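Letters A, B, ... are given to chains in the order of the sequence lines, protein chains preceding strands, and every chain is numbered from 1. The shown structure was predicted, so the numbers you read here are calculated from the model rather than taken from an experiment.
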There are 2 protein chains.
Amino acid sequence: MESTPNIVEIAALIGDSSRAAMLVCLLSGKALPASELARVARISPQTASSHLGKMVAGGLLVHESYGRHRYYRLANQEVGNALEALSVIAPLKPIRSLRESEQSKSLHFARTCYDHIAGEIGVALTDKILELGLVREEGRDYAVTEEGMERFKEFGLSIENMKHTRRHFARQCLDWSERRHHMAGILGASMTKRLFDLGWIERMSEGRAVIVTVTGYEGFAKEFQMTFKHHELCI
Amino acid sequence: MESTPNIVEIAALIGDSSRAAMLVCLLSGKALPASELARVARISPQTASSHLGKMVAGGLLVHESYGRHRYYRLANQEVGNALEALSVIAPLKPIRSLRESEQSKSLHFARTCYDHIAGEIGVALTDKILELGLVREEGRDYAVTEEGMERFKEFGLSIENMKHTRRHFARQCLDWSERRHHMAGILGASMTKRLFDLGWIERMSEGRAVIVTVTGYEGFAKEFQMTFKHHELCI
DNA sequence: ACGATACTTCGATGATAGACGAATAACTCT
DNA sequence: AGAGTTATTCGTCTATCATCGAAGTATCGT
């Protein structure tokens with residue numbers, strides 16, 4: 001009937017505030033789990049699931065399952081192309097508050113992933129621990145070395161007690177903002193708890209964002225040879 | 001919420017079947033009266049008026065009044081770009097005729113961007129002209145070189161006359177399908193007109209797609225050392 | 001001046017679809 | 001095995017918006 005391709009359906013898919021928020025979030029090229037996208041769009045998981053299903057059916061997104069998580073990302077480059085082309089003609093939206101944009105930046109820098117630390121800091125810390133030889137990779141996990149046993153004890157962590165729990169000791173956890181691994185499991189959780197106790201990191205008012213305190217910067221530098229400039233990590 | 005442009009409203013505007021029909025009809029670059037657009041979308045004049053008002057408010061269209069007629073056209077070339085970018089990811093399912101799918105491919109290959117040539121051909125031609133030293137980049141514009149003056153004259157273009165117009169001489173225009181620049185401005189328009197006059201390119205029945213004729217293939221090869229195989233460009 | 005044409009505004013209506021609660025399935029951790 | 005997550009499906013409710021009839025404004029032809 002219509003001699004034109006149905007840009008209507010595609011545009012209608014993008015033309016919903018919840019779905020657009022998700023799409024813009026996925027423009028970075030990263031794959032994000034459904035729950036994260038629901039949070040970004042400020043809607044319930046049920047509604048998000050409905051939207052994600054429609055966008056997959058419409059060819060905007062594809063998904064991959066990892067365990068109970070389902071990661072969504074843009075189907076192809078052309079989708080990103082179209083979103084960018086729309087951005088060109090879209091009026092700029094006023095930034096509601098500085099705090100929100102700061103918080104968004106903070107999420108990439110440092111946040112908690114359940115009970116362990118993630119973001120740039122999480123990945124960098126895991127890297128340093130590997131580099132210093134405190135742990136070594138072992139399949140999907142990390143195993144503590146002799147030297148690690150000693151250093152973790154100095155840091156205030158009892159590896160012995162951890163071994164008594166049935167939880168995974170030190171699992172590799174995929175980081176959505178860095179696309180690399182950070183440390184999960186009881187070791188990751190205990191370290192993060194210790195970082196809170198030491199006052200190196202503090203939870204921001206709400207959400208999962210975390211800030212590194214002044215003593216934290218000093219501590220990370222001294223204990224793990226991590227370097228910062230202007231409150232950002234040097235890699 | 002975020003500092004990103006507000007693509008929601010724009011996409012929602014395009015994501016209505018009646019409005020999309022009007023927009024696609026206006027993709028040719030023509031200005032059409034409201035009644036004609038109502039007829040194309042198969043809706044009443046009242047409804048059409050409502051839609052047109054919203055699209056003007058949203059920055060998609062502009063209107064000019066001539067007597068009791070009101071002519072609507074796309075606000076700028078970026079709107080056309082966005083519509084075409086959407087059609088790239090849309091026509092996956094309903095390809096009704098071979099001609100339509102050919103036309104979609106043609107849009108990537110060669111099309112007019114208002115009055116100058118774009119697509120693969122447009123970008124490649126601009127590249128060649130740069131490579132041959134006929135123009136050089138100068139900020140957001142291109143400037144003709146000594147050699148360019150001579151070669152353009154041989155090609156049938158009077159740089160002198162162009163300088164007398166108030167229009168930009170040779171502007172860089174971003175190409176959505178190639179993500180690179182092609183040449184706009186009076187020089188780009190004049191070259192494109194010359195290509196039509198020489199019969200190197202011809203406008204397809206409707207829309208902005210353009211085909212390269214047999215003499216065009218020979219001409220591009222001879223004059224600009226551009227090579228093709230199977231009616232596709234070799235880069 | 002008169003009716004005809006082109007387009008707009010206002011108001012009412014009806015259909016679409018986005019929202020969430022409740023329940024279900026799949027998975028992980030203890 | 002059981003508790004706690006993550007994600008989905010189903011059903012219902014509600015709000016938004018496209019649509020058109022009726023009426024209003026501006027312009028043209030005669």
Side-chain angles (χ1 to χ4, degrees), chain A residues 8-9 11-23 31-58 61-72 112-116 140-141 161-174 176 183-190 208, chain B residues 8-9 11-23 31-58 61 63-72:
Chain A
V8 186
E9 293 173 17
L13 275 177
I14 305 173
D16 170 80
S17 56
S18 302
R19 285 192 292 257
M22 299 185 190
L23 287 169
L32 299 176
S35 57
E36 184 67 22
L37 292 167
R39 202 187 56 79
V40 165
R42 299 164 193 270
I43 53 179
S44 67
Q46 307 95 296
T47 309
S49 184
S50 162
H51 285 313
L52 291 168
K54 285 173 187 171
M55 289 195 281
V56 168
L61 302 182
V62 291
H63 62 84
E64 303 163 25
S65 294
Y66 288 111
R68 60 183 170 187
H69 294 271
R70 194 170 245 190
Y71 287 85
Y72 288 88
T112 51
C113 177
Y114 304 91
D115 55 0
H116 52 273
R140 292 185 161 223
D141 296 76
N161 290 346
M162 294 183 201
K163 298 265 186 183
H164 291 150
T165 65
R166 270 178 301 182
R167 184 174 172 182
H168 281 281
F169 177 68
R171 202 89 193 236
Q172 294 180 354
C173 180
L174 190 61
W176 60 259
M183 188 183 295
I186 183 74
L187 179 57
S190 302
R208 306 198 283 159
Chain B
V8 186
E9 291 171 19
L13 276 177
I14 305 173
D16 170 81
S17 56
S18 302
R19 286 194 291 258
M22 299 185 193
L23 288 169
L32 297 174
S35 55
E36 179 68 17
L37 292 168
R39 199 187 58 79
V40 166
R42 302 163 193 265
I43 51 178
S44 67
Q46 306 97 296
T47 309
S49 181
S50 163
H51 286 313
L52 291 168
K54 285 171 186 172
M55 289 195 280
V56 169
L61 303 182
H63 62 86
E64 300 161 28
S65 293
Y66 289 111
R68 58 184 169 182
H69 294 272
R70 192 170 250 191
Y71 287 85
Y72 289 87

TODO: Look at the side-chain N and O atoms of B:Ser35 and state whether any lies under 4.0 Å from the OP1 or OP2 oxygen of C:dC7.
DONE: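 Yes, B:Ser35 has a side-chain N/O under 4.0 Å of OP1/OP2 on C:dC7.
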- [ ] Respond yes when some side-chain nitrogen or oxygen of A:Arg70 is under 4.0 Å from OP1 or OP2 of D:dT6, and no when none is.
- [x]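 Result: no.
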Distance-only donor-acceptor hits, side chain of residues 45-55 of chain A, under 3.5 Å, sequence neighbours excluded:
from	atom 1	to	atom 2	distance (Å)
A:Gln46	OE1	A:Ser44	OG	3.2
A:Thr47	OG1	A:Ser44	OG	2.9
A:His51	ND1	A:Arg19	NH1	3.1

- [ ] Spell out protein contact along nucleotides 12-20 of chain D as letters: B when the base is contacted, S when just the sugar-phosphate is, - when no protein heavy atom is under 4.0 Å; keep the 5' to 3' order.
- [x] ------SSB
Rounding to an integer number of Å, can you tell me how far [X] [atom1] sits from [N] [atom2]?
X: B:Tyr71; N: D:dT27; atom1: OH; atom2: C1'; result: 13 Å
X: A:Glu64; N: D:dA7; atom1: CD; atom2: P; result: 14 Å
X: A:Met22; N: C:dG18; atom1: CE; atom2: C1'; result: 11 Å
X: B:Leu52; N: C:dT9; atom1: CG; atom2: P; result: 11 Å
X: A:Met55; N: C:dA17; atom1: CE; atom2: C1'; result: 15 Å
X: B:Leu37; N: C:dA6; atom1: CG; atom2: P; result: 14 Å
X: A:His63; N: D:dT8; atom1: NE2; atom2: C1'; result: 11 Å

Task: Qualifying residues under ring pair (Phe, Tyr, Trp, His ring centres under 6.0 Å), relative to B:His69, sequence neighbours excluded - done: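 Listed in chain order: nothing, the list is empty.
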Please write out each protein N/O paired with an N/O of nucleotides 24-28 of chain C under 3.5 Å, distance rounded to 0.1 Å.
from	atom 1	to	atom 2	distance (Å)
C:dC27	O2	A:Arg68	NH1	3.4

- [ ] Over 60° means perpendicular and under 30° means parallel, so classify the ring planes of A:His63 and A:Tyr72, tilted if in between.
- [x]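 Ring orientation of A:Tyr72 relative to A:His63: tilted.
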- [ ] For B:Ala12, check side chain to side chain contact (heavy atoms under 4.5 Å, CB included) against everything at least two apart and list the hits.
- [x]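 Partners of B:Ala12 by the side chain to side chain contact (heavy atoms under 4.5 Å, CB included) criterion come out as none, since no residue qualifies.
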Open item on the list: If you compare all heavy atoms of B:Ser18 against all heavy atoms of B:Ala41, which two are closest, and at what distance to 0.1 Å?
Closed with: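 Heavy atoms of B:Ser18 and B:Ala41 come nearest at O-CB, 3.6 Å.
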TODO: Of all the heavy-atom pairs spanning B:Leu13 and B:Gly58, show the shortest one and how long it is.
DONE: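 Between these two residues, the closest heavy atoms are CD1-CA, 3.9 Å.
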Open item on the list: Test of understanding: with salt bridge (Lys or Arg N to Asp or Glu O under 4.0 Å), list the residues that count as partners of B:Arg39, not counting sequence neighbours.
Closed with: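 B:Glu36.
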Open item on the list: Quick check for you: to the nearest 0.5 Å, what is the distance between B:Tyr71 atom OH and B:Leu37 atom CG?
Closed with: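 So the OH of B:Tyr71 and the CG of B:Leu37 are separated by 11.0 Å.
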Task: OG on A:Ser17 to CD on B:Glu9, rounded to 0.5 Å - done: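 That separation rounds to 10.0 Å.
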